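So the structure is just underneath, and the comments pick up after that.
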Amino acid sequence: MAQMNKLDFRPLPRSFYTRRTLTVAKELLGKYLIRVIGRHVIAGKIVEVEAYGGEDDPGSHAYRGMTPRNRVMFEEGGHAYVYFTYGKHYCFNVVTERRGVPGAVLVRALEPIYGIEIMQRNRGVREILNLTNGPGKLTQAMRITKEHNGLDLTEGREIFISQPETPERFEVVSTTRIGLRQGADKPWRFYIKGNKFVSKK
DNA sequence: GAGAAGATCTCCT
DNA sequence: GGAGATCTTCTCA
């Protein structure tokens with residue numbers, strides 16, 4: 001088994017994130033989301049995402065301009081946007097585009113790679129298929145909270161995203177987003193075809 | 001300052 | 001398949 005040393009992984013550079021939101025969303029599929037907690041490393045492969053825009057996207061928090069909550073969406077790409085919802089759950093997003101242009105990609109599901117025992121403990125669930133197959137589940141498994149809102153993902157510290165050690169080929173499926181009242185018509189959800197950890201078919 | 005809705009999950013039937 | 005939990009944030013008065 002591979003060494004679970006975080007030095008094996010390098011954070012993606014700023015230039016990966018400061019592009020169009022839809023481009024970043026599709027390219028995030030297959031990448032590893034890495035969470036470092038003290039000496040422990042948790043990693044999951046990103047298998048499902050949703051893109052959120054600005055004033056062109058009624059489904060986005062940034063649709064009506066900047067508020068204290070969505071401020072990070074207007075930051076330079078490469079930051080973490082974490083918000084609390086439904087009184088229980090955190091959702092983890094990756095900010096995209098250049099500074100001043102709102103955009104983010106919601107990470108909806110991961111395939112567990114490393115630190116599975118830690119994720120089982122954090123979730124209070126043993127079933128691996130039920131560990132990270134939803135936006136609220138993966139933040140609980142990786143212990144991501146509002147403390148991480150605004151974190152810079154290019155620094156490679158507590159949370160970052162890296163290339164997998166052995167990239168695989170896969171097909172991307174594009175569908176409409178989930179759980180929205182507004183903007184539900186836009187096909188801005190992307191997932192890896194056939195992956196068991198995708199939250200909904 | 002009040003009221004309503006929400007990028008969800010879990011448990012129950 | 002459906003409803004309740006639970007609380008933050010936004011909107012409007």
Side-chain angles (χ1 to χ4, degrees), chain A residues 17 20-29 31 33 44 46-75 77 79-97 101-112 119-151 153 159 161 172-192 195-201:
Chain A
Y17 300 102
R20 290 188 54 231
T21 304
L22 288 176
T23 305
V24 178
K26 281 178 258 193
E27 293 196 18
L28 276 172
L29 292 174
K31 299 289 192 292
L33 177 61
I46 298 173
V47 301
E48 179 184 354
V49 298
E50 284 178 1
Y52 288 88
E55 58 188 14
D56 59 329
D57 181 7
S60 171
H61 288 168
Y63 181 54
R64 295 174 194 280
M66 201 190 302
T67 66
R69 174 170 72 158
N70 67 25
R71 180 183 56 80
V72 180
M73 283 186 75
F74 293 75
E75 281 290 325
H79 290 82
Y81 172 43
V82 184
Y83 65 88
F84 188 73
T85 191
Y86 291 110
K88 273 195 168 79
H89 309 286
Y90 292 104
C91 290
F92 173 77
N93 298 248
V94 176
V95 176
T96 59
E97 307 271 3
V101 181
V105 178
L106 170 68
V107 178
R108 285 192 55 90
L110 303 173
E111 176 178 333
M119 292 195 252
Q120 287 169 325
R121 211 177 314 145
N122 289 343
R123 288 267 297 123
V125 167
R126 291 214 63 77
E127 174 55 55
I128 291 178
L129 274 174
N130 189 26
L131 232 38
T132 52
N133 61 334
K137 297 180 187 179
L138 71 94
T139 52
Q140 187 183 22
M142 290 202 149
R143 227 189 279 168
I144 294 174
T145 71
K146 62 176 189 288
E147 289 174 31
H148 303 106
N149 189 36
L151 190 77
L153 301 172
I159 305 171
I161 297 170
V172 175
V173 181
S174 162
T175 67
T176 54
R177 294 173 295 185
I178 292 179
L180 281 68
R181 291 199 160 193
Q182 310 281 333
D185 54 319
K186 291 185 187 295
W188 287 0
R189 171 174 177 249
F190 307 98
Y191 63 86
I192 293 179
N195 190 285
K196 292 193 186 79
F197 295 89
V198 171
S199 65
K200 287 183 182 170
K201 305 296 184 307

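Lettering follows sequence order; numbering is per chain, from 1. It should be emphasised that the depicted structure is a prediction, and the values quoted were computed from it without experimental measurement.
The distance from atom CG of A/Leu106 to atom P of B/dG6 is 16 Å, rounded to the nearest whole Å. One interatomic measurement links the two molecules: CZ of A/Arg177 to C1' of B/dT8, which rounds to 16 Å at whole-angstrom precision. With rounding to whole Å, A/Lys200 atom NZ is found 8 Å from B/dC9 atom P. Atom pair A/Asp57:CG and B/dA7:C1' shows a separation of 10 Å (rounding to whole Å applied). Distance CG (A/Asn70) to P (B/dA7): 12 Å, rounded to an integer number of Å.
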Test A/Lys200 against A/Arg189 for side chain to side chain contact (heavy atoms under 4.5 Å, CB included), laying out the working first.
CA-CA 11 Å; A/Lys200 287 183 182 170; A/Arg189 171 174 177 249; 4.1 Å; yes
Let's go through A/Val82 and A/Phe92 carefully: what are the C-alpha distance in whole Å and the side-chain angles of both, what is the deciding distance for side chain to side chain contact (heavy atoms under 4.5 Å, CB included) to 0.1 Å, and is it a yes or a no?
CA-CA 5 Å; A/Val82 184; A/Phe92 173 77; 4.0 Å; yes
Can A/Leu28 and A/Phe190 be said to form a side chain to side chain contact (heavy atoms under 4.5 Å, CB included), step by step?
CA-CA 10 Å; A/Leu28 276 172; A/Phe190 307 98; over 6 Å; no
Between A/Asp57 and A/Gln182, is the side chain to side chain contact (heavy atoms under 4.5 Å, CB included) condition met? List the steps.
CA-CA 8 Å; A/Asp57 181 7; A/Gln182 310 281 333; over 6 Å; no
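Screening residues 79-88 of chain A for side-chain hydrogen bond (donor to acceptor under 3.5 Å, both in side chains) gives A/His61-A/Tyr81 as the qualifying pairs, with residues at least two apart or on separate chains.
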Please list, pair by pair, any protein nitrogen or oxygen found under 3.5 Å from a nitrogen or oxygen in nucleotides 10-13 of chain B.
{"residue": "B/dT10", "atom": "OP1", "partner": "A/Arg123", "partner atom": "NH1", "Å": "2.8"}
{"residue": "B/dT10", "atom": "OP1", "partner": "A/Arg123", "partner atom": "NH2", "Å": "3.1"}

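A donor-acceptor contact shorter than 3.5 Å is absent between the side chain of A/Arg108 and the backbone of A/Glu48. A donor-acceptor pair is defined here as one N or O able to donate and one able to accept, closer than 3.5 Å; no such pair exists between the side chain of A/Asn149 and the backbone of A/Lys146. Remark: side-chain polar atoms of A/Asn122 are paired, donor with acceptor, to backbone N or O of A/Ala141 under 3.5 angstrom.
Between the CE atom of A/Met73 and the OG1 atom of A/Thr96 there is a distance of 7.0 Å, given to the nearest 0.5 Å. Atom CG of residue A/Leu33 and atom CG of residue A/Leu138 lie 7.5 Å apart, to the nearest 0.5 angstrom.
In this structure, A/Glu55 and A/Pro102 have side chains that are not in contact, with every pair of non-hydrogen atoms separated by 4.5 Å or more. Between A/Leu106 and A/Arg177 the shortest side-chain heavy-atom distance does not fall below 4.5 Å.
Remark: A/Thr139 engages no residue in a side chain to side chain donor-acceptor pair (under 3.5 Å) (not counting sequence neighbours).
Scanning DNA chain C 5' to 3' for nucleotides with an atom closer than 4.0 angstrom to a non-hydrogen atom of chain A gives a first and last hit of C/dA5 to C/dT11.
Between A/Arg181 and B/dA5, a side-chain N or O to OP1/OP2 separation shorter than 4.0 Å is absent.
In the region residues 79-90 of chain A, proximity to DNA chain C at under 4.0 angstrom, judged on heavy atoms, holds for A/Phe84, A/Tyr86, A/Gly87, A/Lys88.
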In dot-bracket form, 5' to 3', how is DNA chain C paired? Count Watson-Crick and G-U wobble pairs only if both distances fall under 3.5 Å, and write | where the partner sits on another strand.
|||||.||||||.
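Within the nucleic acid shown, A/Arg69 comes within 4.0 Å of sugar-phosphate atoms alone, with no base atom in reach, counting heavy atoms only.
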